[in-house]
A.B. asks: 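Got a structure for you, written out below as structure tokens; questions coming shortly.
Note: hydrogens, waters and symmetry copies are ignored here, and every other heavy atom, side chains too, is used. Every number for a ligand or one of its atoms is a count from 1 in the order of the listing.
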Amino acid sequence: MRLNAYLARAGVASRRRADELIKAGRVRVNGEPGRLNTFVAAGDRVEVDGREVSAQPLAYYLLHKPAGVVTTVRDPQGRPTVVQLVPAQPRVVPVGRLDADTTGALLLTNDGALAHRLAHPRYGVEKVYEAEVEGDPDEKALRRLRDGVELDDGRTAPARARRLGPGRVELVLHEGRKHQVKRMLAAVGHPVLRLHRSGYAGLELGGLPPGAWRPLRAEEVARLRTLVGSAARGDRRTTA
Ligand code: URA
């Protein structure tokens, strides 16, 4: 594909404006200055003002992560990974992580800017967990979960907690520390037996079975961007 077409596909500029950027020496291909007649092939690295741009469409998938699958792109131990459960192209990465034995809502995307913000503690994205626990938490235990629990990395922020049934608790957090739910419930005397995330940033699994995924709808992507104040990327295409 011609360099100006590539830049247009990447949402950088119209082809005509892309030609201007190229002539101004602001575009490099594999480290060399781009020219009007430069062709871009698969695997080439294109940079505008030193920032890599990509003509891949943006993709956003909501996966119902099953148990036994690790939230990583590549696992040195060879265990199945979440990226193997979604389409291989365009390449996406998980936003945040769930433990291998945790099931539930996991977002995967190649929209790096949005992923970065969603995972950043500053934005306090809401996560809804359903836990099966040892014993049956009473109101005192629930109140401790709501008020904040002292963990070895500090006190947890106020959370919502309610009993769903015998030995079943729903926790709504705006933090995302490692093993946080398991550590919080253990700290109030109710170690987790099973953990499921039913909601992430307002996205819900609905009837999606374990191991299945769906693309986000355009309005869901727009809502996520609004949630974290991330502007839409001009004319970049989306598969959502
Ligand atoms: N908290 C946990 O303990 N585990 C998870 O997978 C997610 C949140």
A.B. asks: Looking at Glu134, Glu130, Glu132, which one forms a salt bridge (charged side-chain N to carboxylate O under 4.0 Å, His left out) with Arg168?
C.D. replies: Glu130

A.B. asks: Which heavy-atom pair separates Gly211 from Leu63 by the least distance, and what is that distance?
C.D. replies: O-CD1, 3.9 Å

A.B. asks: Heavy-atom contacts with Gln180 under 4.0 Å: which atoms of ligand 1 show up? List them by number with element.
C.D. replies: 1 (N), 2 (C), 3 (O)

A.B. asks: Answer yes when Lys178 and Asp153 have at least one side-chain N-carboxylate O distance shorter than 4.0 Å, and no when they do not.
C.D. replies: no

A.B. asks: Which residue and atom name correspond to the protein heavy atom nearest atom 1 (N) of ligand 1, and how close is it?
C.D. replies: Val181 N, 3.1 Å

A.B. asks: Would you mind running through ligand 1 and noting each atom that sits below 4.0 Å from a heavy atom of Tyr129?
C.D. replies: 7 (C), 8 (C)

A.B. asks: Counting only nitrogen or oxygen atoms and a 3.5 angstrom limit, does Asp99 reach ligand 1?
C.D. replies: yes

A.B. asks: Under 3.5 Å, N or O to N or O, is Thr102 touching ligand 1 that way?
C.D. replies: yes

A.B. asks: N/O to N/O below 3.5 Å, does that happen between Lys182 and ligand 1?
C.D. replies: yes

A.B. asks: When rounded to the nearest 0.5 angstrom, what is the spacing between NE2 in His196 and CG in Leu98?
C.D. replies: 10.0 Å

A.B. asks: Answer side chain, backbone, both or neither: which part of Leu195 comes under 4.0 Å from ligand 1, heavy atoms only.
C.D. replies: side chain

A.B. asks: Any N/O of Arg183 closer than 3.5 Å to an N/O of ligand 1?
C.D. replies: no

A.B. asks: For the atom pair CG (Asp19) and CZ (Arg35), what is the distance rounded to the nearest 0.5 Å?
C.D. replies: 14.0 Å

A.B. asks: What closest approach, in Å, do Ala201 and Leu118 show between heavy atoms, and which atom pair accounts for it?
C.D. replies: CB-CD2, 4.5 Å

